[in-house]
Protein chains: 2
Amino acid sequence: MSSCLFDTVGSKCQCVCMISTEQKTMHILDAALPVFVRFGFRKATMADIARAAGISRASLYLSFNSKEDLFRAGSARAHRQTMAEVEVALKGQGSVFDRIEAAIATFQRGLIAPFGGSAEARELFEVNMALAADITLETRERLLDLLSLALHEAAAKGEIDLGAVEAQPASLAGIILAAMSGIKEMRGAEPGLGDDTRLFMRLLRAAVTPPG
Amino acid sequence: MSSCLFDTVGSKCQCVCMISTEQKTMHILDAALPVFVRFGFRKATMADIARAAGISRASLYLSFNSKEDLFRAGSARAHRQTMAEVEVALKGQGSVFDRIEAAIATFQRGLIAPFGGSAEARELFEVNMALAADITLETRERLLDLLSLALHEAAAKGEIDLGAVEAQPASLAGIILAAMSGIKEMRGAEPGLGDDTRLFMRLLRAAVTPPG
DNA sequence: GGACAAATGGACTTTACATGTCTAGCTGTC
DNA sequence: GACAGCTAGACATGTAAAGTCCATTTGTCC
C-alpha cells in the first residue's frame, strides 16, 4: 500500500510534492464542510472532522494548526472557488441582467445555500465573520467590482441606461447586492434564486432598459 | 399575561394542577426529541433543550432532575404512545397478517424511524439501552405477548395453521420480531415498511396459511 | 538491508464548557 | 401582600475538547 492516502488511482504518489499536500488539504476540507454544517462550529470537534476525513486527529494537526485555521481555510477556499465561478457566469452569454442574475445565483449557491439549510446557519455565519471577516469582506468587495464593471460596460454599449435612475455603476451594484442579502436574510436561502430575487431582477431590468 | 407558559388558548391555567405540569413535561419532551435526533445524546446540552422548549435551563431542572432523567422520560413516553398505537393496529380490520404487518409498521414508525435518519442513531440507541433498557425490554416483551396472542387467536379460529411449521405462537412471534430487527439493522429504517419487510411478511403468510 | 517520510495511537496539559445546585429577583394571580 | 412559576446568573465540579509531543508503525526509495 502506498504511504500516501491520497493517491490518484493508477499513479504512484510522489510525496513531498505540492500536489499531494494540496490534495490532502482539499480532502480534509471536503470532509470538514458537512461536519460544520451538521453541528455548527462549536459542536464540531477536531475528532469529528478527522473521522470524517478518515485520518487521525494528529494528522489533522499536521495540515492545520488549529480548528480556527481549518475553518478559515475552508471559508477561503469556498470564497475562492465561488468567485471563480462567478467570473465565468459574468462572462457568459445573454444580457447584463441575465449574466448578473446568473452571477448572483452562483454566489448564493456557493456561499449561502450550503449553510442555509442548517439550523446552525446563524452560528456559522457569525463564526465566519469572527474568523474570516477579511476574506468575506474582500470577496464581497470583489463581487461589487465585477458587477460594477459589467454594468459599466453595458452602459457604454447602450445596453442599459443608468441616466434614467441617476446612478453610478458602483452604486447600482451595491444596491443589487444589498437587496439580495436582504432578501436572503428575510426568506430562507433556497438553492439558486427565489421568487423575490427574480422579482427584484425584473424591477432592475425595467428601470434601466433604455426606451425604444 | 398568564404566569403559566402552557395555557391552552381561551382557558385560564390553574397552575398547581396536574394537567399543566403534564403539559409542560410533554412540551419539553416534544422540544427535546429533535435536539437529541440532531445532535445525539452527548452533544445535545440541557441549554439546547431549554432553548428549544422556550424556557430557561433552571426551569428545565424543575421538571427533570437530570439529562438522563429527561432522556428516560422521553424514551418512556415514546414507548408508551407507540404501544398504545400498536394495540389499536392489532385490533383493527383484516387478516392476522395484515394486522401484524400494521402493528410492526407502527412500532417501527414510532420507535425507530424517528432516529433512523439521524447520523447519531447508533449513539442514541446505545444510550437508550444504557439509560432505559428496562423500558425498552419491557416494551419488546409486551409486543411479543401481543403478537403471540394475535397468532394464538388466529390459530384457534383456523385462520392460520401453526402445525405446518411446528411452532408455538410465542416462538413465531419471536421470529417475526427478530427478523424485523435484523432487517432494520441491515437496511436503513424507512418510515413504514421496506421491501424486505414486506417480503418477509409474504413468506410468513405462505408458510402458515392453511391449505384449501 | 538502512534511511527516510507520512501517518498513527496514545499520553499529556490546559482550557473550555456542560452539569447540577442555589439564590435573589421578576411577573402575574388570587 | 402573599404566593407560585419562571428566570438570570453565579457557583463548584467534572468531563471532554484543544493543542502538543513522542514512540511506533507502515510503506517508499536507494
Side-chain angles (χ1 to χ4, degrees), chain A residues 1-8 11-25 27-28 31-32 35-36 38-73 120 123 127 130-131, chain B residues 1-8 11-25 27-28 31-32 35-36 38-73 120 123 127 130-131:
Chain A
M1 209 231 280
S2 162
S3 68
C4 175
L5 269 173
F6 306 98
D7 283 345
T8 32
S11 74
K12 279 277 165 71
C13 170
Q14 344 279 330
C15 289
V16 199
C17 71
M18 198 140 51
I19 291 176
S20 133
T21 313
E22 221 167 84
Q23 279 183 342
K24 185 171 51 180
T25 300
H27 172 75
I28 293 174
V35 177
F36 281 131
R38 175 158 196 84
F39 294 125
F41 180 78
R42 228 190 35 194
K43 274 190 203 289
T45 71
M46 291 298 263
D48 289 332
I49 295 168
R51 199 177 316 122
I55 61 175
S56 69
R57 207 168 61 90
S59 297
L60 202 48
Y61 280 98
L62 294 180
S63 294
F64 299 97
N65 293 324
S66 71
K67 188 173 163 185
E68 301 192 351
D69 257 30
L70 197 159
F71 187 91
R72 262 185 68 87
E120 270 58 50
E123 189 226 7
V127 169
L131 300 181
Chain B
M1 211 230 278
S2 162
S3 68
C4 175
L5 270 172
F6 306 98
D7 283 345
T8 33
S11 74
K12 278 278 167 69
C13 169
Q14 345 279 327
C15 290
V16 199
C17 72
M18 198 141 51
I19 291 175
S20 133
T21 312
E22 220 168 87
Q23 279 183 341
K24 185 170 52 182
T25 300
H27 172 74
I28 292 173
V35 177
F36 281 131
R38 175 158 199 83
F39 294 125
F41 182 79
R42 226 191 38 194
K43 273 190 205 282
T45 70
M46 292 297 262
D48 289 332
I49 295 168
R51 199 178 317 122
I55 62 175
S56 70
R57 208 167 60 89
S59 297
L60 202 47
Y61 280 97
L62 294 180
S63 294
F64 299 95
N65 293 323
S66 69
K67 187 174 164 183
E68 301 193 352
D69 258 29
L70 196 158
F71 187 90
R72 261 185 70 85
E120 270 58 50
E123 188 227 7
V127 169
L131 300 182

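The chains referred to below are lettered A, B, ... by the order of the sequence lines, with proteins before strands, and numbering in each begins at 1.
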**Study point:** Rounded interatomic separation in angstrom, taking CG from B:L60 and P from C:dT21
**Key:** 12 Å
Point to revise | Side chain A:K43, main chain B:F39, donor-acceptor under 3.5 Å | key: no
Point to revise | Gap between atoms CD1 and C1', on A:I49 and D:dG19 respectively (whole Å) | key: 14 Å
Exercise for review: Counting heavy atoms from C-beta on, name the nucleotide in D:dT7, D:dA18, C:dT8 closest to the side chain of A:L62.
Suggested key: C:dT8
Study note, to complete from the structure: Rounded to whole Å, NZ of A:K24 lies from P of C:dT8 at a distance of 9 Å
Practice item. Inspect the contact between A:D69 and A:R72 and indicate whether a charged nitrogen and a carboxylate oxygen are less than 4.0 angstrom apart. Key: no
Review point. Looking only at side-chain N and O atoms, does A:R42 come under 4.0 Å of OP1 or OP2 in C:dA18?
Key: yes
Exercise for review: Quick one: label B:A50 by what it contacts on the DNA or RNA (base, sugar-phosphate, nothing), any heavy atom closer than 4.0 Å.
Suggested key: nothing
Review point. Rounded to whole angstrom units, what separation is found between the CD atom of B:E68 and the P atom of D:dT15?
Key: 12 Å
Review point. In whole Å, what is the span from the CZ atom of A:R51 to the C1' atom of D:dA16?
Key: 13 Å
Practice item. Specify the separation, in whole Å, of atom CG of A:D48 and atom P of D:dA16. Key: 14 Å
Check your understanding: Out of D:dG19, D:dA17, D:dC6, which nucleotide sits closest to the side chain of A:S66?
Key -> D:dG19
Check your understanding: To the side chain of A:S59, which of C:dT8, C:dA18, D:dC6 is closest?
Key -> C:dT8
Check your understanding: Can you name the nearest heavy-atom pair linking A:E123 to A:R42, along with the distance?
Key -> OE2-N, 3.0 Å
Study note, to complete from the structure: Smallest heavy-atom separation, B:K24 atom then B:S63 atom, equals CE-OG, 3.6 Å
**Study point:** Rounded distance (Å) that lies between atom C1' of D:dA17 and atom NZ of A:K43
**Key:** 13 Å
Study note, to complete from the structure: Closest non-hydrogen atoms of B:L60 and B:A50, given as atom of the first, atom of the second and distance, are CD2-N, 3.8 Å
Review point. Within a strict 4.5 Å, meaning less than it, do heavy atoms of the A:D48 and A:R38 side chains meet?
Key: no
Practice item. Would you mind reading off the distance between B:L70 atom CG and C:dG20 atom C1', rounded to a whole angstrom? Key: 14 Å
Review point. Quick check: does any side chain N or O of A:E120 sit under 3.5 Å from a backbone N or O of A:F36, one acting as donor and the other as acceptor?
Key: no
Check your understanding: When every nucleotide of nucleotides 9-15 of chain C is labelled 5' to 3' by its protein contacts under 4.0 Å (heavy atoms), B for base, S for sugar-phosphate only, - for none, what sequence of letters results?
Key -> B-B----
